[in-house]
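Along the sequence shown, residues carry numbers from 1. Predicted model, so just to flag it, every value in this text is computed and none were measured.
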Amino acid sequence: IRYKEDIRPVEEALLEKMLELPVIDFRYGTQAPEYVQDEKRHVGMIAEQVAEIMPNSVTMDQEGFPTAVVYSDFIYNFAFMTERNNKYNY
């Protein structure tokens with residue numbers, strides 16, 4: 001708490017919207033930055049869709065377009081939702 005201000009719980013509606021975001025399987029296209037281009041398949045989310053509901057959970061390029069999802073922002077929210085669902089299922 002030493003370094004945090006304006007602390008409040010995450011709104012239930014936001015948590016529900018997060019759960020609606022599709023998780024996808026993809027390869028990076030030729031328009032992606034060179035440092036991420038490879039032949040591997042990846043699992044993740046679409047930054048543009050995440051930005052619509054959680055704009056602070058994506059990085060933006062110099063032109064203001066979403067470029068990457070900050071997946072660490074999702075960990076605690078998903079953990080909370082899992083804990084809540086387990087609580088109600090017992």
Side-chain angles (χ1 to χ4, degrees):
I1 296 179
R2 256 175 44 184
Y3 303 117
K4 296 175 176 71
E5 296 178 350
D6 195 22
I7 299 170
R8 54 191 150 165
V10 176
E11 295 178 21
E12 188 78 21
L14 176 60
L15 294 171
E16 294 297 331
K17 286 180 183 177
M18 287 174 59
L19 290 175
E20 293 174 6
L21 289 168
V23 177
I24 60 166
D25 177 76
F26 66 96
R27 275 198 306 263
Y28 285 105
T30 57
Q31 297 293 326
E34 191 173 308
Y35 64 88
V36 298
Q37 289 185 23
D38 57 25
E39 296 299 317
K40 298 178 187 175
R41 296 203 62 81
H42 300 269
V43 175
M45 297 174 166
I46 297 173
E48 291 84 351
Q49 293 175 338
V50 173
E52 290 177 16
I53 63 166
M54 297 176 63
N56 293 330
S57 294
V58 295
T59 58
M60 302 288 194
D61 64 15
Q62 293 177 344
E63 297 170 354
F65 293 105
T67 57
V69 175
V70 181
Y71 291 104
S72 60
D73 287 359
F74 287 81
I75 294 169
Y76 294 107
N77 292 327
F78 285 138
F80 170 77
M81 292 297 286
T82 301
E83 180 181 304
R84 187 191 73 170
N85 288 339
N86 288 340
K87 184 187 231 182
Y88 291 121
N89 289 330
Y90 290 111

Any residue meeting side chain to side chain contact (heavy atoms under 4.5 Å, CB included) with [X], in chain and number order, not counting sequence neighbours:
{"X": "Leu21", "result": "Met45, Gln49, Val50, Ile53, Phe74"}
{"X": "Tyr28", "result": "Phe26, Ala32, Val36, His42"}
{"X": "Ala68", "result": "Thr59"}

side-chain hydrogen bond (donor to acceptor under 3.5 Å, both in side chains) against Glu11, all qualifying residues, sequence neighbours excluded: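 Expected list: none.
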What pairs with Asp25 under side-chain hydrogen bond (donor to acceptor under 3.5 Å, both in side chains), at least two apart in sequence or on another chain?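 Applying side-chain hydrogen bond (donor to acceptor under 3.5 Å, both in side chains) to Asp25 gives Arg41.
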Roughly how far, to the nearest 0.5 Å, is CD of Gln37 from CZ of Arg27? 12.0 Å
Roughly how far, to the nearest 0.5 Å, is the OG1 atom of Thr67 from the CE atom of Met60?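 Output value for this atom pair is 8.0 Å.
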With a 4.5 Å cut-off on side-chain heavy-atom distances among I, L, V, M, F, W and Y, is there a chain of contacts connecting [X] to [Y]?
{"X": "Ile75", "Y": "Met18", "result": "no"}
{"X": "Val69", "Y": "Met54", "result": "yes"}
{"X": "Tyr71", "Y": "Val43", "result": "yes"}

side-chain contact (heavy atoms from CB on, under 4.5 Å) evaluation trace for Leu19 with Lys17: CA-CA 5 Å; Leu19 290 175; Lys17 286 180 183 177; over 6 Å; no
Inspect the surroundings of CD in Glu16 and state if more than 12 heavy atoms from other residues, nucleotides or ligands are less than 6.0 Å away. yes
Whichever hydrophobic residues join Phe65 through chains of side-chain contacts under 4.5 Å: none
Determine whether Val70 and Val58 make a side-chain contact, defined as any pair of heavy atoms from C-beta on separated by less than 4.5 Å.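 Side-chain contact under 4.5 Å: no.
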